[in-house]
Amino acid sequence: MTRDRIPLLSKSRFGAGLQCHKRLFLECYSPKLAAPIGPAQQALFESGTAVGDLARERFPGGRLIEEEFYQHDEAVATTREVIADRTVPAIYEAAFTFDGIRVRVDILVRRRGGAFDLVEVKSSTEVHQQHIPDVAIQVHVAQGAGIRVRRAYLLHIDSSYVYEGGSYDVSRLFQLEDVTKEARAFGQRPMPAALAEMREALRHEDPPPIEIGGHCSRPYQCPFYRHCREGVPDHHIEQLPWASAGLLNELLEAGIRDIRDIPAEFPGLSALQQRVRGCVADGQPHVDPELRAALQEVTYPAHFLDFETFNPALPIYTGTRPYQVIPFQWSLHVRDRADDLSHHSFLADGDGDPREGFAASLLGAIGPEGTIIAYSSYEQTIIKQLAGDLPQYAERLLDLNTRFLDLLEVLRAYYYHPDFHGSYSIKAVLPVLVPDTGYQDLGIQDGSQASLTFMQMITPETGEDEKKGLREALLAYCQRDTEAMVWIFDALR
């Protein structure tokens, strides 16, 4: 049974359909099944909006089509009026409908002879493959609606731009790249067939029976990620670490969806994947005999260290670049030879660039001896970056990097538990190795939320009482990260 009418498409729906026809179907007919927008996703939207608003300054004097997205027909009418006014040099959020598709163009720039340049604004620092269809569908609709598109551009952030304080220099902050050739090529060849396939999928009463896989998170995390995993095996094959799309397809073609059903002799599995398969099939953890020796390399006092950072798209400190990673907090648990444990911490107060205070306090807290234990190599990367940014501390900072033990690498090399479900993240490992522990009692649940909380804490509009609460939440979260490492280390030991 098929439907007589299908919903209109849009730029976002077209992108969803390119990723997965099932995602497109659910977005059109069952949007309530999508996961709610979380704080991190909302922050990305808000950052993108801020970048888009600032990008308009590259084409000043334009007119904004102010109607909301649900007022599309009204926005189309307003756009038509503004296009007719030749004194308006640029149009922001121009609205068009053609071929059953609605679009809003970020910036439409008037050129001589009645032509226009179409500009798509992105918060990225370069052109990505998935951006071309975004531009192509807009060119298709705008031209179909009667606009003569001269060139198509993608305007993105230039990561080499160094903020000098005050207002942003938008001529240097943004880079304009001509993607006319690529957009027209996509519009001529893949797009017509892709549109036809999407419309065919939308004509059916039921969503297309598409298996879960790598496409669920590439190029973007699907909002129906959890919904599509309801009822799948507890140990689905996608939990195989670093499984390629080719391997997953081979398993699916063989009728295998559960790791426990993978034959021991199945070709193409890496050593780690074989280990995971064996653990899941046996229901027992894998403990490599070398684990004990790896942990015995730790010298005391042992320092369990964790950093929190943020990387704003639009730099806020003089001398920094877009998306530059700025450390603002550290937590340190120190265990001495007598097994006594002490805790130290630093959290920037938001009064200016936090990097020097971060580095100086860290060097003051870590003694000259003893292993530094972190969960991944991230802390070493940040220390190396700080050494480049703060030459007065460079030698002492780089000395720290010679003392690290990566607890994550130790786990990957020597241990696996079936209840990890393919993940070695500290959030997955902790409650398995140390039952009745975790992060569920905290106001902050992960590093991305910590970054957002810090941004909120240093915003001038945030009141003092709220800042105090945010600060306490950040201190509790970062402390839990280093506590978790201590607990995991003890469980392994």
Side-chain angles (χ1 to χ4, degrees), residues 9-21 23-24 27 41 43-59 69 90-96 98-99 101-109 116-144 147 149-161 170 172-195 197-198 214-223 311-314 321-323:
L9 295 177
S10 64
K11 183 182 77 171
S12 62
R13 286 179 174 178
F14 180 64
L18 289 176
Q19 181 169 352
C20 174
H21 287 171
R23 174 183 174 180
L24 171 64
E27 287 196 3
Q41 189 67 28
L44 283 176
F45 292 154
E46 293 173 359
S47 176
T49 298
V51 169
D53 291 347
L54 188 62
R56 295 170 189 162
E57 295 183 16
R58 279 271 277 157
F59 306 93
F69 72 93
I91 307 169
Y92 316 133
E93 297 295 329
F96 303 102
F98 172 72
D99 192 22
I101 309 167
R102 300 181 299 188
V103 300
R104 299 290 289 262
V105 177
D106 288 336
I107 304 173
L108 202 61
V109 184
F116 288 85
D117 287 345
L118 185 148
V119 180
E120 168 76 354
V121 180
K122 295 294 185 184
S123 299
S124 64
T125 57
E126 60 184 351
V127 177
H128 294 288
Q129 183 178 356
Q130 63 266 24
H131 295 158
I132 301 304
D134 279 0
V135 178
I137 196 71
Q138 292 176 76
V139 171
H140 170 69
V141 175
Q143 290 188 152
I147 300 300
V149 177
R150 188 191 71 136
R151 311 296 295 173
Y153 294 94
L154 196 135
L155 187 71
H156 63 80
I157 291 175
D158 187 339
S159 60
S160 68
Y161 169 73
V170 294
R172 294 168 49 225
L173 173 61
F174 292 104
Q175 184 171 337
L176 193 65
E177 296 206 30
D178 189 336
V179 293
T180 309
K181 181 179 178 181
E182 295 85 349
R184 293 198 189 282
F186 186 91
Q188 290 170 2
R189 187 59 64 88
M191 191 167 70
L195 285 170
E197 291 169 1
M198 292 178 201
H215 60 276
C216 298
S217 54
R218 291 192 299 267
Y220 306 108
Q221 178 86 359
C222 176
N311 58 332
L314 300 175
R321 301 178 305 278
Y323 292 111

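The first residue of the sequence shown is numbered 1, and numbering continues consecutively from there.
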Identify the heavy atoms of [X] and [Y] that sit nearest to each other, and give their distance.
X	Y	result
Gly187	Ala136	N-CB, 4.3 Å
Gly52	Val121	CA-CG1, 4.1 Å
Ser47	Ala313	OG-CB, 3.6 Å
Glu27	Pro223	OE2-CG, 3.8 Å
Leu155	Val119	CB-CG1, 3.8 Å
Gln138	Asp106	OE1-N, 4.2 Å

Heavy-atom check, side chain of [X] versus side chain of [Y], under 4.5 Å:
X	Y	answer
Phe59	Asp117	no
Ile157	Phe174	yes
Leu24	Leu9	yes
Leu54	Leu173	yes
Val141	Asp99	no
Phe186	Ile137	no

Suppose the criterion is side chain to side chain donor-acceptor pair (under 3.5 Å): which pairs have a residue in residues 183-194, not counting sequence neighbours?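 Residue pairs passing side chain to side chain donor-acceptor pair (under 3.5 Å), neighbours aside: Gln143-Arg184.
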Which atom pairs, one a donor and one an acceptor, fall under 3.5 Å between side chains of residues 13-21 and the rest of the protein, sequence neighbours left out?
unit_1, atom_1, unit_2, atom_2, d
Arg13, NH1, Leu8, O, 2.6
Gln19, OE1, Arg23, NH1, 2.7
Gln19, NE2, His215, O, 2.8
Gln19, NE2, Arg218, O, 3.4
Gln19, NE2, Tyr220, O, 2.7

In residues 123-133, what donor-acceptor pairs under 3.5 Å come from side-chain atoms, sequence neighbours left out?
unit_1, atom_1, unit_2, atom_2, d
Ser124, OG, Glu126, O, 2.8
His131, ND1, His128, N, 3.0

As an exercise, state the distance from [atom1] of [X] to [atom2] of [Y], rounded to the nearest 0.5 Å.
X	Y	atom1	atom2	result
Phe98	Ile147	CZ	CD1	12.5 Å
Arg56	Tyr92	CZ	OH	7.5 Å
Met198	Met191	CE	CE	9.5 Å
Ile107	Glu120	CD1	CD	9.5 Å
Leu176	Asp158	CG	CG	12.0 Å
Arg172	Arg58	CZ	CZ	12.0 Å

Do any N or O atoms from the side chain of [X] and from the backbone of [Y] form a donor-acceptor pair under 3.5 angstrom?
X	Y	answer
Arg104	Glu93	yes
Thr180	Ala152	yes
Thr49	Phe45	yes

Neighbour count >12 (heavy atoms, 6.0 Å) for atom CZ, Arg321: no
Using the side-chain contact (heavy atoms from CB on, under 4.5 Å) rule, take Ile101 and Leu195 through it: C-alpha gap first, then chi angles, then the decisive distance, then the call. CA-CA 10 Å; Ile101 309 167; Leu195 285 170; 4.1 Å; yes
